[in-house]
Each structure stands twice: as structure tokens, then as C-alpha cells.
Protein chains: 2
Amino acid sequence: MPDHNAPAALGGDDLETWSALATVLEWLPAALDAELLRDSDVTHFEYGILFALANASDLTLRMSVLAGYANSSLSRLSRAIQRLETRGWVQREPDPDDGRYTLATLTNRGREKFHQASPGHVATVNRLVLDPLTQSQRRLLRDISRRILRAIREEKGWQPPLSSN
Amino acid sequence: MPDHNAPAALGGDDLETWSALATVLEWLPAALDAELLRDSDVTHFEYGILFALANASDLTLRMSVLAGYANSSLSRLSRAIQRLETRGWVQREPDPDDGRYTLATLTNRGREKFHQASPGHVATVNRLVLDPLTQSQRRLLRDISRRILRAIREEKGWQPPLSSN
DNA sequence: GCTTTTTACTTGACTGAACAAGTGAATGGA
DNA sequence: TCCATTCACTTGTTCAGTCAAGTAAAAAGC
């Protein structure tokens, strides 16, 4: 009785493709988070922050740059760094060159934490994503992902990766 | 100086594949949510509930079954239905056959809401995911997704889709 | 050179999600 | 036929995230 003949529902192969992808969208991040939380007591978001700082020169980044890397709002990052700071993994100080910036630096303990957490996380990515695929599927997945990302970027008129607030 | 020779980091093609997918994992759900929220003032999760109820016979489902469909904890669903109830889209009543169950039913206004929200959402899925891909890429994406899902399921010893609490 | 604006955050109020501890209805065993 | 247990939720608490103000430093305007 419902189902007007508008383009109001997916069907057939498209439905199967979308529902498979939608399920991945729900479960894969959860699985990744679960491993990090269980083995290292950090969220995937926090791990991303540690990763970015660990790979930065001087283990230091401006908050705004870090927000870009972590694809995060500044306010979310601010709270997250606050938490990492109380755990002793990160320190903040105003940029001496420009007092508006805040520099976040990985401490030694933070560096250790990152190196302790990494192998398990990388192993999980391999186990859940890379290993189950053939070489050509991996290449295809990369291309497919890029096409989807291009469509998303076009949608929002190419917002430069530093979404404010 | 870091980089021990453990399997502690991805590199090369694998890194590109993973980073492309990881970006999709972050942006695609956000883009989908944004459209629904902007055009219809419902979250993707709430839309999923409306969808499930709209496709159920009598527009009615038990909370626990609905939680399975929405891949949600019972407590999260309980709060969400509470919100949908105050908006007049869903009604709850104890199952007359077994007072432990609660039956959630879509109201007429809820049905209208769903039919108003659907076209835009389906169009967004098409625009961001399906249209940018070739026919064979869609098929591949389905297969790839299924492989990843199988790996996730094996990981957690095939938890039957009704994760409690 | 003094105000106004912009930039780069930070913070308070509020919302939604998770976890654990309830509650109340059925069920199962002695 | 009780009592304990299980089931199917619901609710108290806590915590992370968002949005809308803040704040303080630099830049721009006049």
C-alpha cells in the first residue's frame, strides 16, 4: 500500500550493495574502537591524536592543524586533549610566536603509550580489512573509496579540511 | 628513531587503501546524518527505526526485535522511542500476549514523516555512493563489504544479531 | 594609536549514548 | 504453590559531543 512510485526506495542489487556497506559503516568502526579500548584503553579518536603527534616534527602540532588531521571540531579536540593531558600523555602551551595558537606536544609517556597501542591496532586493521581481500580488491576498494569521497566533497562545495567550530 | 621493525605500521598501497576507507568511515555517515537532520530533522538512527516500523506488518514491532533491526542496545532504543513518542510518531503498549514485551507502533503522523523523509535520504545514498560507481564497482563493493563483515563476525565468534543490554 | 574585527581557541549548557542497576511480568523447579 | 530465576525492558548516572557564547591575542581600519 505504501511505495508511491517516487525514487523513494532502493531495490535489487543496489539495495544489497548499500545494505552491505551500511553494515560495514556500523560495525567496522565499532570493532576498531573495541580493540583499542580493550587492549589500550584509548578510543580510536584519541589514538588518531597520538598518531598525528607522534608523526609530527618535535612531536608537536597546533590545535587547529591537529583538528584538521583528526577531522574534528576544535571544541571536540579541545576536550579530548584536556583528557589526554590529565592522563599525562600530552602537554599544551601557547605558541610563543603567536599567542592565539596553542601547541600540543606528546610527552614521553604519551610516546610510549602510542608505541604500545600501535601493533594491536595495525594488526586489527589487517585482520578485519586487508587480509580478507585479494590484492586487486584492495586496489578497487581504494578507488571506490576515493570516488565516494569525491562525491561527498562536491556535495559540500569542497570545504577545505579544517571545518571550523 | 621510532619505528621498531614490528608490524607496527602500515605502508605503501595498504596505507593508501586503509586511509581512503578510514576517511569514508568518518565522512559518509556524517554526510548521511547531515542530510536527514537538515531536511527532515531526524537522525539516521531514528530514520532506521521509522523504516523498520513502516515495513513491519501492522506497523508494529516488539522492542527487542526492533533493537535487532536497528543494531542497537535495548537501552538506546528505549530512549530513542521515548523521543519519537513525544514527537507523536510512535506509540508503545505492553504486548497483550506477554506483558514483558513492549510493542512499538508507527502512528499515522509517523508514517507521514517517514514518507516525507525517504526520498531525500534515498537520493543522497544514490548521489554519494551508488552513482559515482560503475556497475562492476558496485558489485565489487558489495563483495568486499561482505568479506569484511565475515572477518568481523569471525572475530567475535558469531554473536547472533541481538546484542543485549 | 586606538578601536574594531578576525583568529584560535576554551567553556557552559544541554543532548544523546553507554553501563549498570533497577522493575515488573512470566516461567521453572521443589 | 511458592520462591527463585529469567526476560524484556526502563532508568540513574556518567561521560563525550555539539552549539553558542565567551576570552585573549593579533591584524586591520581609520
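Labels below follow one simple rule: chain letters A, B, ... track the order of the sequence lines, proteins then strands, and each chain is numbered from 1.
- Note on A/Glu16 versus B/Arg146: salt bridge recorded, some NZ/NE/NH1/NH2 to OD/OE distance being below 4.0 Å.
- Interface residues of residues 79-91 of chain A facing DNA chain D, ordered by number: A/Arg79, A/Arg83; criterion, heavy-atom separation under 4.0 Å.
- In summary, A/Arg139 and B/Asp13 do not engage in a salt bridge, as defined by a charged side-chain N under 4.0 Å from a carboxylate O.
- Residues satisfying the ring-ring contact (aromatic ring centres under 6.0 Å, His included) test with B/His121, not counting sequence neighbours, are B/His44, B/Tyr47.
- Taking atom CG of B/Leu37 as the reference point, atom C1' of D/dC19 lies 13 Å away to the nearest angstrom.
- Summarising the geometry, the separation between CG on A/Leu74 and C1' on D/dT23 is reported as 14 Å, rounded to the nearest angstrom.
- Atom P of nucleotide C/dA25 and atom CG of B/Leu103 are separated by 16 Å, given to the nearest angstrom.
- The interatomic distance linking B/Glu46 (CD) with C/dT15 (P) rounds to 14 Å, in whole Å.
- Per the geometry, CZ belonging to B/Phe45 stands 7 Å off P belonging to C/dA17, to the nearest Å.
- B/Arg76 has no side-chain polar atom (N or O) that falls below the 4.0 Å cut-off from OP1 or OP2 of D/dT10.
- In this view, B/Arg109 satisfies the salt bridge (Lys or Arg N to Asp or Glu O under 4.0 Å) rule with no residue, not counting sequence neighbours.
- In this structure, A/Glu93 atom CD and C/dA8 atom C1' are separated by 16 Å, rounded to whole Å.
- B/Thr102 is linked by a side-chain contact (heavy atoms from CB on, under 4.5 Å) to B/Met63, B/Arg92, counting only residues two or more places apart in sequence or in another chain.
- Take B/Arg100 and apply the salt bridge (Lys or Arg N to Asp or Glu O under 4.0 Å) test, not counting sequence neighbours, and it matches B/Asp98.
- Two residues, A/Asp98 and B/Ser78, neighbour DNA chain D, and the one matched to the more 5' nucleotide by heavy-atom proximity is B/Ser78.
- Whole-Å rounding puts the B/Arg62 CZ to C/dA26 P distance at 12 Å.
- Distances shown here put a side-chain N or O of B/Thr102 below 4.0 Å from the OP1 or OP2 atom of D/dC9.
- For B/Ser73, the side-chain atoms get nearest to C/dA18 when compared with the rest of C/dT10, C/dA26, C/dA18.
- Straight-line distance from the CG atom of B/Asp97 to the P atom of C/dA26: 10 Å, rounded to whole Å.
- Within the 4.0 Å cut-off from OP1 or OP2 of D/dC9, not a single side-chain nitrogen or oxygen of B/Ser75 is found.
- The pair A/Lys113-A/Glu46 does not count as a salt bridge, with every side-chain nitrogen at least 4.0 angstrom from each carboxylate oxygen.
- Rounding to the nearest 0.5 Å places CG of B/Leu140 at 10.0 Å from CG of B/Leu133.
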Sugar-phosphate or base contact per nucleotide [nucleotides 2-7 of chain D; S, B, -; heavy atom under 4.0 Å]: -----B
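- Residue A/Phe51 qualifies as open at atom CZ: its count of foreign heavy atoms under 6.0 Å is 12 or below.
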